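So the structure is just underneath, and the comments pick up after that.
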Amino acid sequence: QVQLEESGGGLVQAGDSLRISCAASGRTFSSNAMGWFRQAPGKDREFVAAISGGGGSILYADSVKGRFTINRDNAKNTVWLQMNSLKPEDTADYFCAARYISWATMLSEQYKYWGQGTQVTVSS
C-alpha cells in the first residue's frame, strides 16, 4: 500500500515558476515509478511527466517539455515537479501517482495509487 500527498500548489502569474511535491509512504518507494498528471476544469485528466523507480528514465508530455522537470529522492520518499515559464493553460489540479513497478509510463491506467491533488492556478 502506498499513500501519496501532494503539496506546493498555488496561484502564480504567467511566466512564474512553481515546484510541487509528492510525499509517499511505504518502504519500497524506489520500486515505484512515479507520475504527475493534471486535470483542468471540464477536461480529461492528462499526463504531465513520469520518472522510473531509479530515476534513470523520464518521460514528459510535449506540452511541458523544456519547461517542467520531474525528479525524485528515494531516500526522502519524495518526487517533485518543477514548473517554469508557467502559462494560463497549465492551470489544473495536479495529481501524483505511483505505479506498482519501476518502469515509467504515460498511461494513467497503469498507476495504482493516487494522491488527492494540489491546485495550480496561473493567471495571465
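Start at 1 with the first residue, then count along the sequence. Quick caveat, the model's predicted, so the values are computed rather than measured.
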Does the [X] side chain pair with the main chain of [Y], one donor and one acceptor, at a distance under 3.5 Å?
{"X": "D16", "Y": "L86", "result": "no"}
{"X": "D73", "Y": "A75", "result": "yes"}
{"X": "R72", "Y": "S52", "result": "yes"}
{"X": "Q82", "Y": "R19", "result": "no"}

Quick one: closest heavy-atom pair of [X] and [Y], and the distance?
{"X": "S7", "Y": "T118", "answer": "C-OG1, 4.2 Å"}
{"X": "A98", "Y": "N32", "answer": "CB-CB, 4.3 Å"}
{"X": "Y60", "Y": "I70", "answer": "OH-N, 2.9 Å"}
{"X": "A24", "Y": "L4", "answer": "CB-CD2, 3.5 Å"}
{"X": "E6", "Y": "G117", "answer": "OE1-N, 2.8 Å"}
{"X": "A50", "Y": "T105", "answer": "CB-O, 3.7 Å"}

For the residue pair [X] and [Y], establish whether any side-chain heavy-atom pair is separated by less than 4.5 Å.
{"X": "W103", "Y": "Q110", "result": "no"}
{"X": "D93", "Y": "Q119", "result": "yes"}
{"X": "M83", "Y": "I20", "result": "yes"}
{"X": "E46", "Y": "R38", "result": "yes"}
{"X": "Y113", "Y": "Q1", "result": "yes"}
{"X": "F47", "Y": "L107", "result": "no"}

- Check side chain to side chain donor-acceptor pair (under 3.5 Å) between S85 and all other residues, then give those that pass, not counting sequence neighbours.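 Checked S85 against side chain to side chain donor-acceptor pair (under 3.5 Å); zero matches.
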Is it true that [X] and [Y] fall in one hydrophobic cluster, defined by side-chain heavy atoms closer than 4.5 Å?
{"X": "V2", "Y": "Y100", "result": "yes"}
{"X": "W36", "Y": "I58", "result": "yes"}
{"X": "W80", "Y": "V120", "result": "no"}
{"X": "V12", "Y": "V64", "result": "yes"}

- Task: Please check if atom CD in Q3 has more than 12 non-hydrogen atoms from other residues, nucleotides or ligands closer than 6.0 Å.
- Result: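 No, because the 6.0 Å sphere around CD of Q3 holds 12 heavy atoms or fewer from other groups.
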- Task: For Q39, look at atom CD and say whether over 12 heavy atoms of other residues, nucleotides or ligands are found less than 6.0 Å away.
- Result: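 Atom CD in Q39 is crowded, with more than 12 foreign heavy atoms closer than 6.0 Å.
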- Message: Check the orientation of W114 and F95. Use parallel for under 30°, tilted for 30 to 60°, and perpendicular for over 60°.
- Response: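 Geometry flag for F95 against W114: perpendicular rings.
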- Kindly state each residue pair satisfying salt bridge (charged side-chain N to carboxylate O under 4.0 Å, His left out) with at least one member in residues 52-69, sequence neighbours excluded.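 Residue pairs passing salt bridge (charged side-chain N to carboxylate O under 4.0 Å, His left out), neighbours aside: D62-K65, R67-D90.
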- Task: Test T78 against F29 for side chain to side chain contact (heavy atoms under 4.5 Å, CB included), laying out the working first.
- Result: CA-CA 9 Å; T78 302; F29 181 69; 5.8 Å; no
- Message: Quick check for you: to the nearest 0.5 Å, what is the distance between C96 atom SG and Q116 atom CD?
- Response: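 Rounded to the nearest 0.5 Å, the SG-CD separation comes to 10.0 Å.
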- ring-ring contact (aromatic ring centres under 6.0 Å, His included) involving Y111 - partner list, sequence neighbours excluded: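 Counting only residues at least two positions away or on another chain, Y111 forms a ring-ring contact (aromatic ring centres under 6.0 Å, His included) with F37.
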